[in-house]
Amino acid sequence: MSTNGTGPTIVLDGEKVAYNPGETVYEAATRHGKDIPTLCYDPRLEPFGGCRLCVVEVEGARAPVASCTAQCRAGMEVRTRSARVEVHRRTLMEMLVSENREVDVDELTSLASQEMTELVDRYEARTGRFRGRQSGASRPDDPNPFIMRDYDNCISCYRCVRVCAEQEGDYAISVKGRGFDTQITVEFDGHLKESACTFCGQCVQTCPTGALGDLKALAYRDVAGETKKTRTVCPYCGVGCAVDLLTRGNTLIGVQPAMDGPANKGALCVKGQFAFDFVQHPDRLAHPLVRGEDGELHQAGWDEALDRAAEGFLRVRERYGRHAVYGVASGRAPHEAAYTMQKFIRGGFGTNHIDNCSRA
Amino acid sequence: MTDQEILARWKEEPAPLLPVLHAFHARDGYLSEDAIRTVSKGLRIPLADLYGTITFYHHFARVPGGLDCPRVCTGPVCLQEGALDILADLAPEGATGMPCSGRCDDPVPVIRGHLTLAGRSAADLTARPAPLPPPARDGDRECVFRTIREPGHATLAGYRRGGGYEGLARVVQELTPAQVVESIDRSGLAGRGGAGFPTGRKWRAVAEANGTPKSIVCNADEGEPGCFKDRALMDYDPHAVIEGMIASGYATGAHRGFIYLRYEYPETEHILAEAIREAEEAGILGPSVMDSGFAFDLHIRRGAGAYICGEETSLLNSMEGKHPFPRNRPPFPVTHGFENLPTVVNNVETLASVPHILALGAEWYAGLGMNGHAGTKVISLSGDILRPGNYEVPMGFPLERLLYDWAGGPFDGRTIQAVTMAGLSGGFLAGDDLFVTLDEPAIRARKSFLGAGGIMVFDDSRDMVEVAHAAMEFFAHESCGKCFPCRIGTQRLTERLAGEAGPDSLVAWVDEVADIGYTMKETSACGLGTAAPLITESLMRYFPEAVSRHVTAHGPLPMAGRG
Amino acid sequence: MSNPLEDMEKPDVIFCIGTNMTECHPVAATRLKRAIANGAKLITADPRRIALAELADVYLPLRVGSDVSLLLAMAHVIHREGLTNQGFVEGRTTEAEAFLEHIEKFTPEWAETITEVPAADIERAAILYGKAERGAIYYTLGITEHICGVDNVQSLCNLALMTGNIGREGTGVNPMRGQNNIQGAGDAGALPNNYPGFQSVLDPAYQKKFEAVYGRKVDLELGPTKVRALEACGDGIHAMMINGENTVVTDPERHHCEEALKSLDLLVVIDLFLTETAQLADVVLPATAWGETDGVQTNTERRVQRLRKAVEPPGEAMPDWWIVSQIARRMGTPGFGFESAKDVFNELCELSPLYAGLDWDRIDRGEYHWPVPHKDHPGTPILHQGTFENGRGIFKLIRYRDPAEVISDEFPVWLTTGRRLPNYHTRTQTGRAAGIDYLAPGERLEIHPEDVVDWGLEDGGWAKMTSSRGCMMVRVEANARSPRGTVFTSFSFNDAPVNVLTGGGYDPVTDTAELKVCPVRVERP
C-alpha cells in the first residue's frame with residue numbers, strides 16, 4: 001500500500017508509505033510487507049528491544065535503530081535491508097548459535113520453536129565463529145509433565161517472562177542474575193509446580209528456540225506423518241478460545257493457541273493447552289451398548305441400539321402419554337446436538353420437556 | 001524491627017523497595033527466603049519478580065552472615081595494588097571481590113558490613129575518611145572544589161560560612177523558575193555524569209512537561225571504574241548537592257528529590273542523611289523552603305551493587321522496584337521518568353555546580369573553560385601516577401599538564417604507557433594521543449570520550465592485554481543481559497582477552513574481535529554495550545604487538561573456532 | 001455477557017462477585033489482570049480468599065449466601081452518597097422511585113450483621129463502584145447457585161442500572177458461562193421455556209411458527225426443569241434421553257438422583273465415556289468427541305464459532321445430531337433428514353431471529369456476536385446500547401433471605417463447592433488427559449489452618465463430612481484461603497462425591513440448586 005495522500009508518511013526502502021500515528025517502524029514496515037528479522041518480538045507484548053535483529057538504518061541517525069521500539073516520524077527515511085544492518089544481523093545470529101547447545105529443534109516443541117532456526121539459515125550463520133562458553137542451564141529435574149525447561153537452548157529474549165507477566169498476568173517466571181549468566185527461573189529456583197505457574201503454556205508457545213517445549217506434543221514425536229493443523233475452539237469453559245489441533249494421520253498430537261483467535265488472542269489455560277488427549281483415551285465408547293436380559297450392558301450394532309431407543313420411547317409414549325418423555329441436552333456438545341434434542345422432544349412429543357445442564 | 005514495622009516504615013514512602021530490602025538485609029545479615037516472601041506480600045510485588053530482581057544486585061547476600069563477609073575491590077587500580085592478595089588473606093572470612101568501589105585515590109577499599117576499610121594489605125586495613133581533593137593548582141578556575149577544602153564545610157554552618165544557600169535564597173525569593181532555567185542555560189553547564197546533555201535544556205523540558213508529581217533524581221551511583229569524584233563531593237560538600245537539587249526542583253516545579261547512592265559508599269549515606277536532617281531543621285528542606293512557600297522533600301535511596309543502575313533509566317527502574325534493565329528511549333525521563341512522570345536526572349557534579357553558578361553567575365561559570373569550552377570538569381586521576389586524586393580542570397585543559405604538572409607524572413624510572421578515558425568506558429589513549437586536551441571534541445576525535453572524567457594511568461610495567469581483559473571482565477560482569485550484542489559480546493571478548501576461547505590465528509582472532517565490537521557499538525541498547533568494545537578497539541590500535549603475542553602465545557584452544 | 005471479552009480490559013472499576021475467574025475462566029481473567037495492571041480498581045466479593053481477592057483493592061469476604069444483603073447495602077451507600085446516575089435512571093429505567101425508597105433501610109451496618117463484612121469496607125466498595133466511569137460486574141455460579149440466585153442477579157442489575165453502568169463499552173453485568181456451549185444449548189432451544197432463539201413457548205405466535213416447521217403443535221406451557229423432571233422420574237417421567245452430562249455426579253442429592261434414573265423405563269445416554277450416569281442406561285450411544293466433530297458453539301460473549309473435525313472417531317462413534325436424528329426417524333418423526341451439521345445449523349439460523357443473519361459459511365472466522373438479525377448486520381458485541389430489549393430497565397425490590405439451610409449446633413460449618421483450575425467438572429475429560437493428575441492428584445477439603453487444629457484434624461489426614469443428607473470422607477488441606485468456619489471442596493472427584501451432601505434447596509424461579517451453601521459437620525473419622 002502506498003500513500004493515499006492524506007496521512008503522514010515515511011520513506012521505506014525508497015518507497016513513500018503511510019503509517020498510523022503511534023505505529024513503530026517495525027509495525028509499519030511489517031504491515032507494508034517487509035520481512036524484518038526479530039527474536040524478542042511478540043505482537044501481543046510491549047516492544048522490548050532486546051535482540052537488536054530488527055535494527056534498521058534511519059537517515060540522519062548515527063547508528064542503526066531498533067525498529068521495534070522506534071516510533072515512525074513523518075518523513076523518516078528507513079532502510080530495512082541495507083548491507084550494514086544485514087552484517088549486524090548475521091553477526092548477531094552467529095553469536096546466538098555460539099551460545100546454544102543446538103539450533104535444530106523438533107517442530108512439535110512449540111508454535112514459535114522454529115523462529116531461531118529459520119533465521120540461522122536465512123543468515124547462513126552456522127559458521128562456528130565466536131565459540132565460547134554456552135549460556136543457560138536446563139532443568140531436567142523438574143518433573144512436571146507439561147513444560148520442558150531446556151534452558152541450554154535459551155537466548156534470553158525474555159518472551160516467556162514477558163508473556164507470563166503481560167499476557168497471562170501470573171508473573172511466575174523470573175530473570176535471575178544478569179549478563180551472560182542470566183537464567184530464566186522461578187522464585188528460589190524451584191519447580192514450576194511450586195511456583196505461581198498455572199501451566200497455561202504461553203511461555204512454551206512463544207519461545208523462539210525450543211528452550212521451552214510442549215512435553216505432551218513431543219511425546220508424539222515418533223508418530224509418522226506430516227503435521228496438520230485444524231482450527232477449532234477449546235472444549236472446556238465458556239470463554240471459547242480458538243486453538244489449532246495438531247494431527248498426524250488420525251492421531252491428535254497436540255494443541256497450539258490461535259494467535260488470531262477472536263476470544264483469546266493466543267491465550268490458553270492448562271486445560272485448553274494440555275488436556276486434549278481424553279479424545280483418544282482407551283475408555284472412549286466405540287460401539288453402542290444395550291442392556292441385555294442379564295441386566296448388563298452389551299455391545300450392539302447401531303441398528304439394534306437405535307431401534308431399541310426408538311421403540312422404547314414409542315412404548316413409553318404409548319403407555320404413559322407424551323409427557324412421560326424428557327430430554328437433557330448438553331452444554332458441552334455443539335449447537336447441532338442441542339437443536340436436534342429439542343426438536344426431538346418438541347417435534348416428537350409436542351412438549352417442552354427439554355432442558356440442559358446449566359442448572360447444575 | 002519486626003517485619004511489619006519495617007514494612008510500615010516504608011510502605012507509604014515513594015520508591016520503597018530498596019530501603020525495605022536494605023532494612024531486612026541489615027537486620028538479618030542477609031535476605032532470607034522468608035524476608036523475600038514478606039516483602040513480596042507487603043509491597044505487592046510478584047515473588048518471582050522480586051527474587052529475580054534481588055539476584056540482579058551484587059551486594060544482597062542470600063546466605064546467613066553474608067552481609068558481614070568482606071568485599072574486596074578488584075577494580076583496575078586495586079588489582080595493581082594488591083587486591084588479590086588481600087582477597088586471598090581474607091578468604092577465611094568469606095571475602096569476595098567486588099567491582100571498583102570508587103576509592104582509587106586511596107586503595108584498596110574493603111567493605112565489611114556497613115564500614116569501608118582501606119589499605120594495601122590485609123594487615124593494613126583501617127577505617128579512615130576518603131581523601132579530600134588535593135590542593136588546588138589553579139584555584140581561580142575551580143567551581144565545585146572552590147570551597148570544598150574549608151574545614152567543616154560538610155556541616156550546614158560550615159557550608160554557610162562559605163556563602164552556601166545564599167544563591168538558593170535569592171532563587172526562591174527573587175527569581176522565577178524560568179529565570180533559573182535561563183541562567184543555567186546561559187552558563188553552558190552540561191551533564192557531568194558523562195552524557196554531557198545541556199542541563200538548562202533538560203530542566204526546561206521537565207518544567208514544560210505535563211504530569212505531577214515531578215521528581216529530581218541525583219544520580220550518585222558512581223559505578224564507573226576509576227571514578228570517585230562524586231564521593232568526594234558528597235563527603236565534603238553534601239549541602240552543595242542538596243542546594244543544587246532544591247534549585248532544580250524550584251526551576252522545574254518538582255517537589256520531591258531522590259539521591260540514588262551507590263551501595264559502596266556506606267559512610268556517604270550517613271553524611272548525606274545528616275546534611276538532609278540539618279537542612280530540614282533549618283527550614284531549607286520541607287514544606288516551605290527558606291520561607292518561600294515552595295515545598296521540597298529529599299530522600300536517599302541506596303543501590304545494591306549494579307553498574308547498570310548508573311544508566312539513568314535503569315536507575316529509575318531500580319528505584320521503582322523493577323528489574324533494573326535500561327528502558328527503551330524515547331520517551332525520555334524528562335517526560336516519562338520516575339513513575340512515568342517528568343523527572344530530572346542529574347549527576348552529583350552537575351547539581352553541585354549549580355549553587356556556584358547561582359552565586360557567581362552564569363558568565364563566571366562559562367568563562368572558567370579554555371579554548372571556548374564552558375566550565376570545568378572534575379577528573380578522577382588514579383593508577384600509576386605520583387599524586388592520584390580528584391582534580392578540577394578547566395574544560396579544554398591539556399591532559400599532559402594534568403598528568404605531569406599537577407599530578408607529578410609517573411613513578412621514578414617509569415613512563416606512562418596508556419591512560420583510560422571515561423573510567424573504562426572510553427577505552428585507552430596512548431602514544432601521541434596523550435597530548436590531547438580534556439574536552440569532548442578533542443577526545444572524541446581520538447575515538448574515545450571524556451565521560452564522567454575517570455582517568456587511570458598504566459605505566460610501562462603493565463601488561464595491557466591483561467588490563468584490557470580485566471576491563472572487559474568488568475563489562476561482562478555488569479552487562480544487564482537485556483540486549484543480545486552486549487550480553488554475548490562482552491562474554492566473548494572477555495574469553496578472547498583471557499585466552500580461553502577464540503581462533504588461534506591472528507587474522508581470524510582480530511576478525512572476530514572486530515566484528516563483535518562493530519556490532520556491539522552499532523546495535524547495543526545502551527551505553528555499556530556501545531562503550532565496552534572501545535577497550536578492544538583501542539588495545540588493537542595502540543598495542544598490536546601485544547595482541548599478536550597474546551594470540552599466538554597460547555596455542556590451540558579447547559574452544560577455538562575454525563578460524 | 002452483556003459486553004464482549006475484550007471489554008474486560010476497559011473498565012476503571014471491576015466488581016467480581018461469586019466468580020473464581022482465575023481458576024474457572026483463566027483466559028478471561030488474564031484480561032482483568034491486564035486491566036488491573038493498567039490501573040483499574042478491583043472489588044472482589046467472595047467467601048474464600050481466592051486469587052482475585054489477593055488482587056483486589058477492596059476485598060469483601062462475605063458469608064456464603066449473604067450476597068443480597070451486601071448488594072442492598074451497596075445500593076444504599078451509592079444513593080446516600082449521591083452517586084446515583086439520575087440521567088440514566090430517568091431516561092432508561094422504571095420503578096426507580098420505589099427502589100430508592102426500598103433501599104433506604106438497608107444500611108451497611110445492617111449488612112455487616114449478615115455478611116460479616118465490616119460496614120466500612122462495604123462503603124468503600126460501593127463508593128468505588130458508584131464513582132466508576134466504566135464499572136463492570138462479573139459473576140459466575142457463586143451468584144446463581146443459591147435459592148436466591150435470581151435475586152442475586154437482579155440485585156446486581158439494580159446496581160448497574162442505578163449507576164448507568166450498562167450498555168456502554170467496559171461496563172455491564174456479565175455472567176461468565178461455565179461450559180463451552182452452555183450458551184449455545186440455550187440459543188438452540190434446549191430449554192423448557194423457550195424455543196430456539198429464546199422465543200417463548202407461551203407465545204401462540206411462536207407455537208404457530210414452530211408448528212409449521214416441526215409438523216405438530218407444541219404445548220403452550222412451560223416444561224418442567226431438569227430438576228423437577230428428575231424428581232418426577234418413575235412418577236410422570238418414564239423415559240429420558242441424556243446427552244453428554246454426568247447427572248449423577250454433578251447434581252445435588254446424588255443418591256436420590258441415582259434412584260430416580262433407575263426408576264425409568266428407558267434411559268438413553270449419548271456420551272463419550274461410560275460415565276456413572278451411562279452405567280445406569282438401557283441404551284448407551286457413542287458420540288464423536290471434540291476434534292472429531294464439525295459443529296458450532298457459542299461462547300460466553302455470544303460469539304458464534306465453528307468447531308472442526310481433525311481426526312476420525314474411535315470405532316463406530318457418530319455425531320450427536322446424527323444419533324438423535326436416527327432415533328427420531330425410526331420413531332417416524334418428520335424433519336430429521338439432516339445430512340450434515342451444516343444442515344442442522346442452517347435450520348436453526350432460519351428459526352432463530354438472533355441468528356437470522358448467520359449461516360454455516362458466515363461464521364467461518366467467528367467474528368459475530370449475536371444478535372445478528374439480518375445478513376447485513378455486523379453483530380452485537382454490546383447489548384442494551386441505547387435501549388433495553390423490553391424498553392426500560394426495571395428495578396426489582398429484593399429482600400434478603402437466609403439460605404435454605406443454615407448452620408446449627410448439629411451442622412456448624414458452611415460448606416461451599418466449586419472448581420479448581422486443572423480439572424473440569426467430573427473429570428470425564430481432564431481425568432483422562434495425561435499429566436493433569438500431577439497437578440491435582442485427588443480431592444482436598446480446604447479448611448482454615450486454625451480450624452484444622454480446633455477440630456482435631458490434621459493437614460493431609462482424613463475428615464468425615466456430614467450434612468443432613470449424607471456423609472463422605474475427604475482429605476484435609478489446611479489452607480488460609482478458606483475463612484474460619486467455612487470449608488471448600490470441588491465436585492470433580494467421584495471418590496469424594498460432595499453432591500451426596502448438597503441439595504438443601506432450589507431457586508424457585510430457575511430451579512437451580514443451592515450448591516454453594518450446605519451446612520455440614522466436619523470431624524475426625
Side-chain angles (χ1 to χ4, degrees), chain A residues 145 169 230 232-233 235-240 245 247 250 252 262 264 267 269 275 277-279 281 283-289 291 306 308-310 312 316 320 324-340 342 344 346-348 350 352-353 355-360, chain C residues 26-28 33 177 179 182 184-185 188-190 192 201 214 216 218 223 226 229 237-245 250 266 268 282-284 286 289-291 295-296 299-300 305 307-308 310-311 314-315 320-321 324 326-328 330-331 333 341 344 348 366 429-430 432-433 435 438 512:
Chain A
T230 305
T232 189
V233 180
Y236 288 105
C237 79
V239 172
L245 295 182
T247 53
N250 202 39
L252 190 49
N264 57 315
C269 77
D277 43 339
F278 69 89
V279 170
H281 193 277
D283 285 355
R284 276 292 298 281
L285 291 167
H287 305 279
L289 302 172
R291 198 167 294 280
L306 292 168
R308 175 81 176 271
V316 166
Y320 304 101
V325 175
Y326 200 86
V328 180
S330 177
R332 320 297 319 285
H335 283 53
E336 296 73 21
Y339 179 78
T340 49
Q342 68 83 32
F344 172 80
R346 292 194 166 106
N352 291 304
H353 280 34
D355 203 352
N356 65 64
C357 46
S358 68
R359 282 163 238 275
Chain C
V27 172
K33 287 187 266 187
R177 304 308 305 261
Q179 301 174 42
I182 199 74
V201 299
Y214 288 2
R216 75 179 299 158
V218 178
K226 185 187 79 176
I237 300 293
H238 297 279
M240 215 178 244
M241 179 147 70
I242 299 178
N243 181 197
E245 193 205 35
T250 55
L266 176 70
V268 177
D282 302 289
V283 181
V284 181
W290 170 79
V296 178
N299 76 353
T300 188
Q305 301 191 95
L307 296 164
R308 291 179 187 81
V311 288
D320 312 86
W321 64 263
V324 175
Q326 284 296 317
I327 299 171
R330 281 161 208 254
M331 290 172 59
T333 313
V344 180
L348 166 61
Q429 295 167 340
T430 53
R432 292 180 173 94
Y438 170 77
T512 297

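What you see below is based on every heavy atom in this structure, not just the backbone, and it leaves out hydrogens, waters and symmetry mates.
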Worksheet item: Out of curiosity, A/Arg308 CZ to C/Arg330 CZ, how far, rounded to the nearest 0.5 Å?
Response: 14.0 Å
Practice prompt. Name the option with the most non-hydrogen atom pairs under 4.5 Å to chain C; the candidates are A/Ala267, A/Ala324, A/Pro288.
Written response: A/Ala324
Worksheet item: Between C/Gln305 and A/Gly240, is there a donor-acceptor pair closer than 3.5 Å when you use the side chain of the first and the backbone of the second?
Response: yes
Item to complete: Measure the acute angle between the ring planes of C/Tyr214 and A/Tyr339, then classify it against the limits of 30° and 60° as parallel, tilted or perpendicular.
Response: perpendicular
Fill in: Nearest non-hydrogen partners of C/Gly291 and A/Leu245, listed with the distance
CA-CD1, 3.7 Å
Worksheet item: Side chain, backbone, both or neither: which part of C/Thr300 has a heavy atom under 4.5 Å from chain A?
Response: both
Item to complete: Taking all non-hydrogen atoms of both residues into account, name the closest pair between C/Lys226 and A/Asn356 and its distance.
Response: CD-O, 4.4 Å
Fill in: Any donor-acceptor pair under 3.5 Å from A/Asn250 side chain to C/Val311 backbone
no
Worksheet entry | From C/Leu307 atom CG to A/His335 atom NE2, the distance as rounded to the nearest 0.5 Å | 9.5 Å
Worksheet item: Taking every heavy-atom pair that is under 4.5 Å apart, which of A/Gly348, A/Pro262, A/Gly312 has the most such pairs with chain C?
Response: A/Pro262
Worksheet item: What part of C/Val268 lies closer than 4.5 angstrom to a heavy atom of chain A: side chain, backbone, both or neither?
Response: side chain
Fill in: Nearest non-hydrogen partners of C/Val344 and A/Thr340, listed with the distance
CG1-CG2, 4.0 Å
Practice prompt. Heavy atoms only, distances under 4.5 angstrom: which of A/Pro235, A/Ala309, A/Gly327, A/Pro334 has the most pairs with chain C? Name it, please.
Written response: A/Pro235
Worksheet entry | Under 4.5 Å from any heavy atom of chain C - which part of A/Leu306 | both
Worksheet item: Can C/Gln429 and A/Tyr236 be said to form a side chain to side chain contact (heavy atoms under 4.5 Å, CB included), step by step?
Response: CA-CA 9 Å; C/Gln429 295 167 340; A/Tyr236 288 105; 3.2 Å; yes
Worksheet item: With no hydrogens and no angle check, is any side-chain donor or acceptor of A/Ser330 less than 3.5 Å from a backbone partner on C/Gly244?
Response: yes
Discussion item. For C/Arg216 versus A/Gly347, what's the shortest heavy-atom pair and its separation?
Written reply: CD-O, 2.9 Å
Discussion item. Heavy-atom pairs under 4.5 Å with chain C - which of A/Ala338, A/Gly169, A/Ala333, A/Ala286 has more of them than the others?
Written reply: A/Ala286
Discussion item. Among A/Leu252, A/Asn264, A/Asp277, which residue has the highest count of heavy-atom pairs closer than 4.5 Å to chain C?
Written reply: A/Asp277
Worksheet item: Using a cut-off of under 4.5 Å for heavy-atom pairs, which of A/Ala275, A/Ala310, A/Ala329, A/Cys269 has the most such pairs with chain C?
Response: A/Ala310
Practice prompt. Between chain A and each of C/Asp320, C/Thr430, C/Val284, count heavy-atom pairs under 4.5 Å; write down the option with the most.
Written response: C/Val284
Discussion item. Please rank C/Gly435, C/Gly366, C/Ala328, C/Ala28 by heavy-atom pairs under 4.5 Å with chain A and give me the top one.
Written reply: C/Gly435
Worksheet entry | Distance, nearest 0.5 Å, that separates CG of C/Leu348 from CD of A/Glu336 | 8.0 Å
Worksheet, complete the sentence: Output for pair (A/Tyr320 OH, C/Ile237 CD1), nearest 0.5 Å, gives 11.5 Å
Item to complete: Measure across A/Cys357 and C/Ile182 and return the closest heavy-atom pair with its distance rounded to 0.1 Å.
Response: C-CD1, 4.0 Å
Item to complete: For side chain to side chain contact (heavy atoms under 4.5 Å, CB included), just list the numbers for A/Thr232 and C/Trp290, CA-CA rounded to whole Å, side-chain angles, deciding distance to a tenth of an Å, and then say yes or no.
Response: CA-CA 9 Å; A/Thr232 189; C/Trp290 170 79; 3.9 Å; yes
Item to complete: Identify the two heavy atoms, one from A/His287 and one from C/Gly315, that lie closest to each other, and give their separation to 0.1 Å.
Response: CE1-CA, 4.4 Å
Fill in: Contact origin within A/Val316 toward chain C - heavy atom pairs under 4.5 Å
side chain
